[in-house]
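See structure below.
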Amino acid sequence: MWRSGFLPSFTSLLKILKKWLGLGSLVDSMSVFEFMLRLEYFPTEPTLNLLISMLSKAGMAREAHFVFRVLLGKGCLKCAHSYNPILWALCKCGQSYTALALLYSLKKMGAVHNAASYTALVYGFSREGLWEEAFCMLDEMEIDGYKPNVITYTVIVKFLCDEGRIGDALDILGKMGKEGCDPDIVTYNVILRELCHQDRYVEIGELLQVIDQKEISPDSFTYAALTGGLLKRGQVRVANKLLLYVISAGCTVDVAVYNIYFHCLCRENKSGEALSLLQSVVEKGLVPTNVSYNTILNGFCREDHIDEALQLFDHFEWANNSPDVVSFNTILSAACKQGNSSMIRRVLYRMEYEGVKLNVVSSTCLIQYFCTIGKISECLELLESMIHNGLNPTVVTFNMLLDKLCKNGLLGTAHRIFREFGNTGYFPNTTSYNILIHASIREGSDSLVEQLLRDMYSRRLKPDAVTYGSFIKGLCKEGKISVAIQLRDQMLENGLTPTVTIYNTILAAMFQRGKFWDIVSLLKDMTMDGCEPNAVSIEILKQAMSKCWMKRFPEVSKQLEFVICGNCEKETQTGGITS
DNA sequence: GTAGGGTTAG
């Protein structure tokens, strides 16, 4: 119309823009908006505010920023309500410094911020782990006359918890109390979740009491935080019990809580039961989400019923009417692990048919498949093509590849990949080093181990329990048990708890070398560290006991028997944490 | 009409 010389009217274009906004199509809205600008038509302020808000919510911060600048250029009122969504959108997608620049430029132009504007920046900086900047913003907020409120503090608490810094998070909680800014259920939920992740059950009990005393009602998020946290720590039975209790007590629970319940059932190999439960709660009015379906699909795959999982695809009533990329990846991942090429083809075909694009997870699964069937060159080609197509591999992609290469005896290739790509900020992490160090120790390549350790420290990455485990295993293999024990001590000094696997490694080495008294003494250490012997430990102890009996070491034999029997009794009781 | 929390795939 325009090219033929007709000028669309302002009203007609504004109508089209509003129509697209109403339909939620942001790409089309932006096209109309840009077209209007070319004709020097300025949409009305409420429409632009709506566009900014929708773009921001969709994470299209750059576009939102662009529209806002147009609004500014028009001399529109610089009101926090219109630009706060942009600040938040920028801060949520890792562009906190852009948000900061915007905040300052608006201030210069005379805009009046509010608490939410500063909170956005506090959110962005803490999310990116830029703690100095985050606390600086908190100070600036106060200097400008705004007291941080419960939301501001909750943001900080949340990201401290995400970094596992529960102590610092609890300090903030104390600070809130002193300033008369009462934490609410959201704050408590965040902390409860992280306490679960760290197995700090006593403190969970104490915090739940505080919540109760303050007469704050737990909500669906509370139940999800607790049970989801427990599930992540592998406490499936406890999580299950708690869910049953909450549901049977008639507490209001939403679909996310049910999703965790489905997950629990699937983890106990009861995905059929999870499916029946889903059907029965749907009849009672629960609206399932794709997460509900995907969780159950994953359960079927875990139990090796990929075909049934694929059949379920057609029976589910998907939210938004179609399975999403996670649904497909669930099946794809299972097929790749099995090396099931025909299933992989079926999934890929269906993805194409349904218009679902492969993402970084899908590609990582395929790389894993090629590694599994030994086609290493295809793996590396796929990695290259991912990068070429803008599907940036994540640290998980790289670590998976390194692990597979090392397991295929290709430490050299793994190390080459590591050197070539290891400067991206997110890669390598401690796990990457653990993989390479483990392989280097196994292959007896001491110089590489040393180099990796130096490199690791230079990146300010710290060895974790897995790193120590590798070293201890290597030392035990060489019979250097006392050095292994020294490393165990060093772990404790660095605040790391030796795992039962580490203890088992040392126990096994002691057994092989006939150091039975040392076994008894190590068992005492385990008790002191709060580390329970598991089935593997008990097996080693039983063997040691019978050897001692044959060699007529009655004293050691008796002590071992004592430990073994004590653990058998514990097995028959229910788990301690349930109470 | 602005801002914080939980659940799925590698």
Side-chain angles (χ1 to χ4, degrees), chain A residues 46 49-50 52-53 56-57 79-89 91-92 113-124 126-127 148-159 161-162 183-194 196 218-229 231-232 239 243 253-264 266 288-299 301-302 323-334 336-337 358-369 393-401 403:
Chain A
N49 278 339
L50 180 65
I52 290 170
S53 157
S56 304
K57 269 188 196 143
C79 165
H81 292 229
S82 64
Y83 61 76
N84 276 351
I86 305 176
L87 291 176
W88 276 94
C91 290
K92 282 187 176 177
H113 302 323
N114 61 18
S117 327
Y118 296 93
T119 305
L121 272 295
V122 173
Y123 179 102
S126 357
R127 180 182 171 273
N149 57 27
V150 61
I151 299 181
T152 321
Y153 284 124
T154 305
V155 162
I156 298 177
V157 167
K158 145 95 177 145
F159 292 113
C161 283
D162 282 357
D184 59 16
I185 191 64
V186 180
T187 326
Y188 288 123
N189 288 344
V190 170
I191 295 181
L192 284 173
R193 179 169 174 267
E194 185 54 26
C196 277
D219 58 12
S220 281
F221 284 84
T222 318
Y223 306 131
L226 287 169
T227 55
L231 187 58
K232 226 166 230 152
L243 282 163
V253 291
D254 65 7
V255 64
V257 179
Y258 271 107
N259 290 343
I260 298 171
Y261 197 10
F262 301 141
H263 196 175
C264 279
C266 290
T289 60
N290 274 9
V291 177
S292 327
Y293 296 133
N294 293 343
T295 303
I296 289 172
L297 284 181
N298 192 29
C301 289
R302 270 173 53 100
D324 55 25
V325 67
V326 179
S327 326
F328 286 108
N329 284 347
T330 303
I331 313 270
L332 185 64
S333 157
C336 286
K337 278 183 194 142
L358 295 182
N359 68 7
V360 57
V361 178
S362 335
S363 304
T364 304
C365 290
L366 291 172
I367 291 181
Q368 188 183 23
Y369 164 74
T394 66
V395 66
V396 182
T397 316
F398 283 118
N399 288 349
M400 187 275 299
L401 184 57
D403 184 53

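With rounding to the nearest 0.5 Å, the separation of CG in A/Asn329 from SG in A/Cys365 is 5.5 Å. A/Tyr123 OH to A/Lys92 NZ: the interatomic distance, rounded to the nearest 0.5 Å, is 5.0 Å. In this structure, CZ in A/Phe262 is found 10.5 Å from CG in A/Leu243, a value given to the nearest 0.5 Å. In this structure, the separation between NZ on A/Lys158 and CD1 on A/Ile151 is 15.0 Å, given to the nearest 0.5 Å.
In this structure, A/Tyr261 atom OH and B/dG6 atom P are separated by 23 Å, rounded to whole Å. Rounded to an integer number of Å, the gap from CD of A/Glu194 to P of B/dG4 is 20 Å. One atom, CG of A/Asn290, and another, C1' of B/dA9, lie 12 Å apart when rounded to the nearest Å. Atom NZ in A/Lys158 sits about 11 Å away from atom P in B/dG4, given to the nearest Å. If you measure from atom CG of A/Asp219 to atom C1' of B/dG4, you get 13 Å, rounded to the nearest angstrom. What separates NZ of A/Lys337 from P of B/dA9 is a distance of 9 Å, to the nearest Å. Atoms CH2 (A/Trp88) and C1' (B/dT2) sit 10 Å apart, rounded to a whole Å. A straight line from NZ of A/Lys232 to P of B/dT7 spans 5 Å, rounded to a whole angstrom.
A/Thr397 contributes a side-chain N or O that forms a donor-acceptor pair with the base of B/dG10 under 3.5 Å. One can find a donor-acceptor pair under 3.5 Å joining the base of B/dG4 and the side-chain atoms of A/Asp184. Judged by distance alone, with hydrogens and angles left aside, A/Ser363 brings no side-chain donor or acceptor close enough to the base of B/dG10 to form a pair under 3.5 Å. Side-chain to base pairing of A/Asp254 with B/dG6: one donor and one acceptor N or O lie within less than 3.5 Å of each other. For A/Asn149 against B/dA3, a side-chain-to-base donor-acceptor contact under 3.5 Å is present.
Considering only side-chain atoms of A/Thr394, the nucleotide from B/dA9, B/dG10, B/dA3 that sits closest is B/dG10. Set against B/dG6, B/dT8, B/dA3, the side chain of A/Asn298 has B/dT8 as its closest nucleotide. In the set B/dA3, B/dG10, B/dT7, the nucleotide with an atom closest to the side chain of A/Cys365 is B/dG10. Checked against B/dT7, B/dG10, B/dG4, the side chain of A/Arg193 finds its nearest nucleotide in B/dT7. Distances were taken from every side-chain heavy atom of A/Ala256 (C-beta onward) to each of B/dA3, B/dG10, B/dG6; the shortest belongs to B/dG6. Considering only side-chain atoms of A/Thr295, the nucleotide from B/dT2, B/dT8, B/dG4 that sits closest is B/dT8. Minimum atom distance to the side chain of A/Val360 is reached by B/dG10, of the listed B/dT2, B/dA9, B/dG10. The listed nucleotides are B/dG1, B/dA9, B/dA3; the one nearest the side chain of A/Thr119 is B/dA3. When the nucleotides B/dG6, B/dA9, B/dA3 are ranked by their closest atom to the side chain of A/Thr330, B/dA9 comes out on top. In the set B/dT2, B/dG10, B/dA9, the nucleotide with an atom closest to the side chain of A/Thr364 is B/dG10.
A donor-acceptor distance shorter than 3.5 angstrom exists from the side chain of A/Asn114 to the backbone of A/Ser117, with no hydrogens or angles considered.
Counting non-hydrogen atoms under 4.0 angstrom, A/Ser117 reaches nothing in the nucleic acid. Note on A/His263: only backbone sugar-phosphate atoms sit closer than 4.0 angstrom, heavy atoms only; bases stay farther off. Across all strands shown, A/Ser292 has no heavy atoms under 4.0 Å from either base or sugar-phosphate atoms.
Judged by the 6.0 Å and 45° rule, A/Lys337 forms no cation-pi pair with A/Tyr369.
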